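Each remark here refers to the structure printed beneath this line.
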Amino acid sequence: MDELALERYFDDSIANDSGFTLEEEHEPISTVQQSSVLSGKPGARVKPSEELDFSFLPDELSSQDEPSGRTAAAAALDGSQDSGVSAEDNLQDSSAAEPQQDVSSLGLGRGTSPFCPMTPMTPMTPMTPVTERSGIIPQLQNIVSTVTLGCPLDLKFIALQARNAEYNPKRFAAVIMRIREPRTTALIFSSGKMVCTGAKSEEQSRLAARKYARVVQKLGFPARFLEFKIQNMVASCDVCFPIRLEGLVLTHQQFSRRFSRSYEPELFPGLIYRMVKPRIVLLIFVSGKVVLTGAKERAEIYEAFENIYPILKGFRKQ
Amino acid sequence: MTSLAGLSCPGCGSSNIVDDDLYSQAQLVCADCGFVVSEGVLADEPVRGLDISYSRTTAVTKRPCVNLIRGLERVKEISRILRLRGEVEDLALTYFKQAYEHESFIRVSLQRKEVLAGCCVLVSCRQLNWPITVGTVGCLLNADPTLVGGVYQEMLKVLNVEAPTVNITDVIEAHCQEYKISSSDVPEEFAEESKDLTKRAVALVELAADSWIVTGRRPLPIMMAAVYLAWQSLKPLKHRLSFSLDKFCQLAKVQKHKPAVTRITELKEALCKLGKEIPWVGESVTPGNVVQQVGDILEHRYALLRRALRTHEDAMQAECRSSSVNPPSEEMVSSQISERVAQTASSVEQLPLSNEGGKQAVEEHSQEFEPNWGKRVLFAPPCVSHAKRRRVEQPTPDVTGDEEISDSEIDSYIRSPREVREFSQTQKILASSSGGKSQ
């Protein structure tokens, strides 16, 4: 095959993010899954305690935005109900309506269409009114995502040919690559799997991952952009009042599960709070700063913060 | 008469050797020919070595693993040093037996097993209301507190137990016992009765807790600071005031904790805030001269606190009036102060203070008073009042993730052929010059 044509083919598969690649890789599965998502997947009723896992679905669905966006919307919409069940309902509802209608705005809380630049983030307005909204928005600090490039890689070659790469096989079996914009770091393994860290938003993480894939492509490998998945999101915020951690660890004793709260000042200055729904770990510090981690979606972070804020405020007033 | 297997008579070759206990001396006799095989055989009995492996013998159940026994002895030893109640020791022993068998601990180093012994004591102390600190256990085991902490967390997971958080006021009494400054240990002018010292140290620790010095911090340096200031203030004469923390620790034969110095400063600052409100003190109260007032401050703690908060509130209101801040700030500040009072009140037993001002929803406005709300209240956690200056991150433009990626940008990350050549040549030179040492 002519080199230029090959390059064009590769560039297309990454730049377009369309079903172009996917139809090749997932053709037998994707259409079936898409239709089953639209029809509400009657056979796959999730138990209330499970999270919906959409990792099997292709990342880029040509006709609609990511289904994970829908889960996010559902989770944010339905604070009291179980997210699993309501997500299903919403999927059914929205599929009945126009599936393409600003799904990205639903999922990610934007009031604009997916093709316009983002307006500053506002959290999703819940349909069921929450008694006391905090007015504080957790800021995302770090996103960790993984991508499969789909071909084995010669790490020594990459480390030699790329300016922004470091490779020390004795210390770690991956190439550490960095790009300036968005400021991120990637770990590239010889199996073709890649981890991208340091981005401040999901979109930035995806853009960065695509850039790394492009670099690897340019170096001559048949890299693709498959199974992009956000693995972890870390956010932080400040409630602006001090918190008595030694008191907080004792409150609600009858409701807390074992190990849901841990405060060991000799080992760590913060209180470690493991929330069940959504499954997020919060680090609460005496200064009022809160770190939230363990989320796969932005809405989980917002939900977790809206859950903890009344507890912190209520505790403060005791 | 018992028959012994595996032996043959040197006389006739028969294997029918029996143990003949008829005479006072036990003998081995061949039943067929009467040959006395005698004690020579007894010496070869399998006392010194077994033909069967240890794990297959009954010795495993009869005599448990040596290290397990040693570990249990260590638990008992630690319990005795700490003078624990019988039931605490028993619980610790139970936990140790349980944890030791677990796969996480059965094949670890001996040091780790020893630390595990200490951690079992620690968790049972906590559960049975006899609190000790991780630092104390670390000192007893002569191990790094970080290591102890790690083993402790793992042990909690293995045993699937929880321990209540240690309250510093519970631990301080036991901590005070460690200081050897009774009249039998040191000269009279330095001596202090343990009872008096403890009482004052407890009051100082409670004050520290109210002033946000304690939360989130390690307890040992705070307790050390409290004991030091208590000792100084019980007889605030020149010979005690001139004693540095170092000298005090040498005198009392305890190991100094470095962060205690900062805690002393913080505690003195908090004392000054209250000391300023004492009506009969003419001169200004500074960290230099506050120690002499500590007795009075502690005695009239609550009244002084009320006065200090009121003074602070007045100062804030005056400031607001003079500056062009919008009206809501006044009530916001005063309700912030009343929040502060409520907060300090919550940790103290019976403070007859009602919450001044309403509990309006001021939180929404609080962010307007960024960056440092800590400077606007009387007492705030030190990490807030002395906040680190963070690097201001440039806000990155929003992206959709689907943008076009320019070739030139990607090319900027790839070496030119010349660079590649030079780089690999340099690598070879470096590799050879370092005498075959790999990079």
Side-chain angles (χ1 to χ4, degrees), chain A residues 14-15 17 114-115 117-120 132 134-136 160-164 168 170 177 179 181-183 200-207 210-211 214-215 217-219 238-247 249-250 258-259 262-267 269-270 285-288 313 316-318, chain B residues 133-135 145-146 149 152-153 156 160 162 164-168 209 212 214-220 336 339 342-343 346-347 359 361 363-364 366-367 369-370 373-374 380-381 383-384 387 396-405 407 409-415 419-420 423-424 438-439:
Chain A
I14 285 185
D17 289 26
F115 301 107
M118 259 171 65
T119 52
E132 237 179 299
S134 62
I136 304 171
L160 180 62
Q161 298 286 330
R163 286 186 182 138
N164 54 342
N168 195 341
K170 291 198 190 304
M177 197 181 278
I179 58 173
E181 186 56 48
R183 214 165 132 249
K200 298 274 190 220
S201 77
E202 306 91 316
E203 298 79 23
Q204 281 186 24
S205 193
R206 207 155 126 252
L207 180 61
R210 282 173 57 219
K211 289 191 182 177
R214 270 294 204 90
V215 172
Q217 259 190 4
K218 273 263 159 95
L219 293 175
D238 191 351
V239 300
C240 295
F241 54 81
I243 302 172
R244 290 241 176 253
L245 303 176
E246 48 285 277
V249 75
L250 297 171
R258 200 171 249 177
F259 303 124
S262 153
Y263 170 55
E264 293 285 341
E266 295 192 82
L267 303 177
F285 296 90
V286 64
S287 55
K313 258 196 15 183
R316 179 191 187 193
K317 294 199 156 111
Q318 281 168 19
Chain B
T133 60
V134 174
T146 324
Y152 179 68
Q153 305 274 42
L156 287 180
N160 198 19
E162 268 191 320
T165 312
V166 168
N167 196 347
I168 192 172
W212 297 102
V214 172
T215 310
R217 265 91 172 273
R218 291 207 169 125
L220 277 173
Q336 242 196 8
E339 307 275 17
Q343 200 118 42
S346 65
S347 58
K359 297 189 181 75
E363 280 68 46
E364 282 85 76
S366 57
Q367 275 187 310
F369 285 79
E370 293 273 55
W373 57 266
C383 58
V384 177
T396 44
D398 294 325
V399 294
T400 64
D402 297 323
E403 282 94 344
E404 283 291 314
I405 302 170
D407 266 359
E409 189 190 343
I410 301 297
D411 283 333
S412 70
Y413 291 121
I414 297 178
R415 291 194 170 121
E419 274 179 46
V420 175
F423 186 75
S424 55
S438 48
Q439 270 226 319

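What you see below is based on every heavy atom in this structure, not just the backbone, and it leaves out hydrogens, waters and symmetry mates. Note on naming: letters A, B, ... go to the chains in the order of the sequence lines (proteins, then strands), and numbering restarts at 1 for each one. For clarity, every value in this text was computed on a predicted model and none was experimentally measured.
With sequence neighbours excluded, the residues forming a ring pair (Phe, Tyr, Trp, His ring centres under 6.0 Å) with A:Phe285 are A:Phe268, listed by chain and number. Not a single side-chain hydrogen bond (donor to acceptor under 3.5 Å, both in side chains) links A:Glu266 to another residue, sequence neighbours left out.
At a 4.5 Å heavy-atom cutoff, the contact between B:Ser412 and chain A is made by backbone and side-chain atoms alike. For B:Asp411, the parts lying near chain A are the backbone and the side chain together; criterion is any non-hydrogen pair under 4.5 Å.
Note on B:Gly216, B:Pro145, B:Pro164: by heavy-atom pairs under 4.5 Å with chain A, the leading option is B:Gly216. The candidate with the highest count of non-hydrogen atom pairs below 4.5 Å against chain B, out of A:Leu219, A:Val215, A:Leu160, is A:Leu160. Between chain A and the residues B:Val384, B:Val134, B:Val166, the most heavy-atom pairs under 4.5 angstrom are made by B:Val134.
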Exercise for the section: May I have the step-by-step check of side-chain contact (heavy atoms from CB on, under 4.5 Å) for A:Arg214 and B:Glu409, ending in yes or no? Expected result: CA-CA 10 Å; A:Arg214 270 294 204 90; B:Glu409 189 190 343; over 6 Å; no

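Two residues are said to be in side-chain contact when any heavy atoms from C-beta on lie closer than 4.5 Å; A:Glu264 and B:Tyr152 meet this criterion.
Cation-pi check for A:Arg244 over B:Trp212 is met; the charged atom lies under 6.0 angstrom from the ring centroid and within 45 degrees of its normal.
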